[in-house]
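Nothing here was measured: the structure is a model prediction, and the numbers come from that model. A note on names: the letters A, B, ... follow the listed sequences, proteins ahead of strands, and every chain is numbered from 1.
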Amino acid sequence: MTHSPLLNPAEQAQQRLQALLSDWQATRSVSEAQQEALQDFAQATLPTARDEDWKYTRLAGFWKLPLRWASEQVASSVSLPELSLPDNAIQLVWVNGQFSERLSSSLSDLPSGLSVQIDSAATHLPQSLAGDALAAMAVAGLNSQLVIEVANNQRIERPIVVRCLGEAGVGQSLALSVTLGQSAELTLIEVMSGVSDGVIFMHSQLDVSDNAQLTHLLWHDLADSAYSFGWRTASLQRDARLIQRSLMTSGLLSRQHFTVNVLGENAESNMATGVVALAKQTQDVRTHTRHACLNARSEQLHRFAIGGQANGVFHGDILVEKGADKTDANMATNNLLLSPTAQANSKPQLEIYADDVRCTHGVTSGTLDETQIFYLRARGIPEATARLMVSAAFAQAAVSDVSVPEVAETWQSLIQQKLTEAMS
Amino acid sequence: MLLEVENLQATVAEKEVLRGLNLNIKAGEVHAIMGPNGAGKSSLASVLAGREDYEVTAGSASLNGEDLLDMDPEERAQAGLFLAFQYPVEIPGVSNKLFLQTAVNAVRTAKGLSELDMFEFSQLVQAKMKLLGMRQEFLERDVNVGFSGGEKKRNDMLQMALLEPSLCILDETDSGLDIDALKAVAQGVNAMRSPDRGFVLVTHYQRLLEYVAPDVIHILYQGRIVKSGGMELVAQIEELGYDALATA
């Protein structure tokens with residue numbers, strides 16, 4: 001492949017990635033939507049630091065990544081990293097963008113009322129991502145999609161665990177479509193594990209019908225040089241409940257969008273994120289909450305513990321549409337800066353077109369409270385341990401109410417491990 | 001000598017707060033240090049415990065013959081010094097149980113003892129809580145978060161009982177307490193009194209001394225100990241006030 005000398009590095013990257021995706025598409029059947037996305041990607045202008053939305057999340061390194069797009073072959077030697085999960089969990093494992101039957105739970109004895117389909121035909125493509133070059137790239141290169149449906153009135157006791165693994169240098173893109181029928185209940189756990197220099201794109205569409213409840217837990221266990229981009233869009237109908245908890249501690253750069261459309265009366269969204277960013281990591285969390293009906297609630301808490309030269313980026317907007325009276329929407333972001341070179345960039349936004357609402361947003365940024373550190377040291381606790389205890393508690397507090405004990409324990413130790421690096 | 005302080009001088013934010021303070025405490029003794037506001041009472045407690053915003057400009061302080069001023073705050077605690085705080089600090093997200101177990105094991109490790117496992121620690125803490133009349137739920141809550149003033153001080157007494165220090169400094173622990181909480185603090189101190197342990201009760205009020213009988217009372221005035229004696233000093237403070245007594 002040759003590059004025109006007239007192209008700038010971003011354009012060269014685009015050309016290279018486009019060729020990569022074209023080659024990949026040539027070897028398999030792709031949907032019209034994917035071809036369109038490839039066109040969109042070719043025509044898009046790649047974001048740079050001059051774009052307001054990308055000012056703090058720098059992609060220069062990503063464009064230079066020597067990616068190969070996930071192929072059909074899955075190395076048979078790949079093994080599943082140890083992970084403590086509930087015994088009855090239904091594990092669905094993707095390796096390099098391909099569903100691995102060998103590593104996944106059997107799909108033949110699923111609980112009644114639960115349907116799980118693995119589909120490579122890309123029929124449930126995500127919508128409304130126009131203008132986003134990365135989203136176009138993700139759609140063009142979509143490897144596989146998972147379609148989960150829970151019938152009306154079915155409470156699925158077994159949590160569904162979606163695990164994505166990637167080998168070094170592999171780019172992969174997955175889509176997840178989850179539909180909960182009326183009064184249905186489900187716990188969905190997403191774990192992304194990427195090996196070095198790779199990227200994982202994840203789109204999900206979460207539809208929660210009247211009076212249904214979805215618990216969505218998400219975390220990354222990525223290598224230090226991995227990239228992750230996610231777009232998760234939920235729609236809540238009347239009396240529906242969505243509980244989302246995310247832990248972001250790994251990867252070189254991660255940007256996760258969480259869109260919640262609150263469409264039914266008395267629906268409730270409760271979202272919390274714990275972030276630990278160290279060294280040169282960028283952890284970027286973007287939330288978009290749209291209230292379009294009466295009497296609904298949304299609660300958000302985002303906590304960033306940032307050390308080294310890392311960057312914690314938060315953008316959250318809440319839109320309350322005309323007529324969405326009695327909306328109660330609250331969004332809080334707390335940043336803990338663990339080093340003088342750590343950066344927090346938080347931008348909350350409220351846009352309100354209804355009359356009678358209660359909406360709040362707040363951002364705090366600070367360093368460790370030295371009186372707390374002294375109190376612990378005065379009881380004989382070494383300084384490094386004291387700092388670890390207080391900073392881990394800060395991040396953990398956002399996600400301490402995770403309803404699956406195995407996940408809560410894993411998260412606690414991920415936070416501890418990560419911060420131990422920072423303190424030593 | 002348990003605690004030996006000689007000609008101790010210190011500043012905080014470039015202000016002189018201790019100006020040549022001398023104090024000797026033998027094991028088994030309870031000393032009360034009284035004085036007006038701004039005399040340097042809390043400064044003395046802070047300097048001995050190693051608060052970093054205080055700068056020692058001259059003098060010495062040793063605990064069991066070891067140079068205190070050369071130690072980090074955690075090393076002082078491991079060497080047997082305990083400071084009960086005037087304002088115990090709230091630490092959201094850290095459970096009291098984790099905090100107490102971490103502290104006990106840090107001190108044990110420093111002494112060359114093996115760490116207590118969850119079961120052994122649980123037995124120890126239950127016994128101490130019973131001694132102090134504390135409820136089980138204390139352990140499950142975050143460190144001092146949502147505790148009343150009295151509960152915070154009681155929690156400090158529990159830490160003192162668990163760490164078994166050789167010198168306990170109570171920095172105005174009795175300030176702002178109702179009579180029940182004050183009695184609880186006194187009960188903690190009295191339960192811990194022993195021939196190999198010393199106490200320094202830094203106090204603004206004489207009320208605590210009705211429940212914990214000190215061996216020696218010192219009057220701290222303008223950064224120095226200007227008078228030492230027995231309970232008769234309390235009556236004199238009442239009668240003359242600190243200024244007259246200090247300059248008499």
Engineer: If you count the non-hydrogen atoms of other residues, nucleotides and ligands that lie under 6.0 Å from CG in Asp224(A), is the total more than 12?
Structural biologist: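 Check fails, neighbour count at 12 or below.
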Engineer: Between Gln396(A) and chain B, which part of the residue has a heavy atom less than 4.5 Å away: side chain, backbone, both or neither?
Structural biologist: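 Neither the backbone nor the side chain of Gln396(A) comes within 4.5 Å of chain B.
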Engineer: Answer with side chain, backbone, both or neither: which region of Val143(B) has an atom nearer than 4.5 Å to a non-hydrogen atom of chain A?
Structural biologist: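 The answer is the side chain of Val143(B).
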Engineer: For Glu90(B), is it the side chain, the backbone, both or neither that has a heavy atom under 4.5 Å from a heavy atom of chain A?
Structural biologist: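 Glu90(B) touches chain A through backbone heavy atoms alone.
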Engineer: Do NZ/NE/NH1/NH2 and the carboxylate oxygens of Arg377(A) and Glu52(B) come within less than 4.0 Å?
Structural biologist: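 Here Arg377(A) pairs with Glu52(B) in a salt bridge, since their nearest N and O are under 4.0 Å apart.
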Engineer: Count the heavy atoms of every other residue, nucleotide or ligand shown that sit under 6.0 Å from CD of Glu409(A), and state whether that count exceeds 12.
Structural biologist: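 Incorrect, the count does not exceed 12.
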Engineer: Heavy-atom distance under 4.5 Å between the side chains of Pro92(B) and Gln372(A), does that happen here?
Structural biologist: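 Yes; the side chains approach each other to less than 4.5 Å.
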Engineer: Measure Ala110(B) against the heavy atoms of chain A and call it side chain, backbone, both or neither at under 4.5 Å.
Structural biologist: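 Contact with chain A: none, neither part.
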Engineer: Report, as yes or no, whether the 6.0 Å neighbourhood of atom CZ on Phe138(B) holds more than 12 heavy atoms from other residues, nucleotides or ligands.
Structural biologist: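 Counting neighbours around CZ of Phe138(B), more than 12 heavy atoms of other residues, nucleotides or ligands fall under 6.0 Å, so yes.
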Engineer: What part of Glu370(A) gets closer than 4.5 Å to chain B, counting heavy atoms only: side chain, backbone, both or neither?
Structural biologist: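 When you check distances to chain B, no heavy atom of Glu370(A) falls under 4.5 Å.
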Engineer: Does some side-chain heavy atom of Phe374(A) sit less than 4.5 Å from a side-chain heavy atom of Val89(B)?
Structural biologist: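 Sidechains of Phe374(A) and Val89(B): no contact.
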Engineer: Name the member of Val104(B), Thr102(B), Val107(B) that forms the most heavy-atom pairs with chain A at distances under 4.5 Å.
Structural biologist: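 Of Val104(B), Thr102(B), Val107(B), Thr102(B) has the most heavy-atom pairs under 4.5 Å with chain A.
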Engineer: Using a cut-off of under 4.5 Å for heavy-atom pairs, which of Gly380(A), Ala386(A), Ala393(A) has the most such pairs with chain B?
Structural biologist: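 Looking at each of Gly380(A), Ala386(A), Ala393(A) in turn, Gly380(A) comes out on top.
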Engineer: Please check if atom CD in Glu6(B) has more than 12 non-hydrogen atoms from other residues, nucleotides or ligands closer than 6.0 Å.
Structural biologist: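 No, CD of Glu6(B) has 12 or fewer neighbouring heavy atoms, counting only those of other groups under 6.0 Å.
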Engineer: Rounded to the nearest 0.5 Å, what's the gap from OG1 on Thr371(A) to CZ on Arg51(B)? Could you check?
Structural biologist: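 Atom-to-atom, Thr371(A):OG1 and Arg51(B):CZ are 8.0 Å apart.
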Engineer: Report yes if the side chains of Leu98(B) and Met389(A) come closer than 4.5 Å at any heavy-atom pair, otherwise no.
Structural biologist: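 Result yes, sub-4.5 Å side-chain heavy-atom pair found.
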Engineer: Considering only heavy atoms and a distance below 4.5 Å, find which of Pro382(A), Ala395(A), Ala397(A) pairs most often with chain B.
Structural biologist: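 With the most close heavy-atom pairs to chain B, the winner is Pro382(A).
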Engineer: Could you grab the distance from atom CZ of Arg379(A) to atom CG of Leu83(B), nearest 0.5 Å is fine?
Structural biologist: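 If I round to the nearest 0.5 Å, the distance is 6.5 Å.
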Engineer: Are a donor atom and an acceptor atom from the side chains of Tyr375(A) and Gln159(B) found within less than 3.5 Å of each other?
Structural biologist: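 Short answer, yes.
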Engineer: Given heavy-atom pairs under 4.5 angstrom as the criterion, report whether the side chain, backbone, both or neither of Pro88(B) touches chain A.
Structural biologist: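 Contact with chain A: backbone and side chain both.
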Engineer: Checking heavy atoms, do the side chain of Asn105(B), its backbone, both or neither come under 4.5 Å from chain A?
Structural biologist: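 Looking at Asn105(B), nothing touches chain A.
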Engineer: With a 4.5 angstrom heavy-atom cut-off, could you sort out which part of Ile91(B) is near chain A: side chain, backbone, both or neither?
Structural biologist: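 Contact with chain A: backbone and side chain both.
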